[in-house]
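One structure is given below, encoded as structure tokens.
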Amino acid sequence: MKINIQIDRLVLDGFDLARNQRGLMQAAFESELSRLLVRDGLSNELASDVRLPSLQVPTIQVDNTNNPHTLGQQVAQAVHRGIGQ
């Protein structure tokens, strides 16, 4: 199964990430979301060609370390809960 996901914009309310850390967060997000989708796949309702104009995911708690890798993983896990099995 081939899965294509395009995320035009990712909005993180209430969190300010330094511009130089955004690429690190994005890489961690992409890696973790890919890992989770390979492991678990998509939910049945999204398994066919579906386009979602937006997806709201549960609120996540982030630590105060402002670690972009950890943040990327946590955001990916939240997105996966919205689209995964």
Side-chain angles (χ1 to χ4, degrees):
M1 170 192 261
K2 184 175 181 179
I3 299 172
N4 288 317
I5 296 177
Q6 179 179 337
I7 299 174
D8 292 326
R9 186 174 67 175
L10 183 64
V11 178
L12 302 176
D13 288 328
F15 193 82
D16 188 26
L17 189 64
R19 184 172 288 283
N20 65 345
Q21 294 184 329
R22 292 177 185 172
L24 298 171
M25 193 283 286
Q26 180 180 348
F29 171 82
E30 291 173 357
S31 177
E32 179 69 358
L33 186 57
S34 294
R35 183 187 74 76
L36 293 168
L37 289 171
V38 166
R39 185 188 74 186
D40 300 331
L42 288 170
S43 65
N44 290 336
E45 56 270 2
L46 295 178
S48 61
D49 188 20
V50 173
R51 296 176 189 265
L52 299 174
S54 66
L55 175 70
Q56 292 205 335
V57 299
T59 300
I60 61 173
Q61 296 294 320
V62 295
D63 59 29
N64 292 330
T65 64
N66 290 338
N67 181 321
H69 186 266
T70 301
L71 178 62
Q73 288 179 322
Q74 291 175 326
V75 172
Q77 291 163 7
V79 169
H80 183 260
R81 284 192 296 274
I83 65 173
Q85 292 185 340

Who are the side-chain contact (heavy atoms from CB on, under 4.5 Å) partners of V11, not counting sequence neighbours? R9, D13
Same apolar cluster: F29 and L24, side chain cutoff 4.5 Å: no
First locate atom CG of L71, then atom CZ of R22, and finally report the distance between them rounded to the nearest 0.5 Å. 11.5 Å
Establish whether L36 and L10 are linked, either directly or via other cluster members, by ILVMFWY side-chain heavy-atom contacts under 4.5 Å. no
Donor-acceptor pair between Q26 and E30 side chains, under 3.5 angstrom: yes
What distance do I83 atom CD1 and L37 atom CG have between them, rounded to the nearest 0.5 Å? 5.0 Å
Report yes if the side chains of L17 and L12 come closer than 4.5 Å at any heavy-atom pair, otherwise no. no
Roughly how far, to the nearest 0.5 Å, is CZ of R35 from CG of D40? 8.0 Å
Is any side-chain heavy atom of V79 less than 4.5 Å from a side-chain heavy atom of I5? no
Under 3.5 Å donor-acceptor, S31 side chain and A27 backbone: no
What distance do Q73 atom CD and H80 atom NE2 have between them, rounded to the nearest 0.5 Å? 14.0 Å
Tightest non-hydrogen contact, residues A28 and P68, listed as CB-O, 4.2 Å
If we only count heavy atoms from C-beta on, is the V75 to V57 side-chain gap below 4.5 Å? no
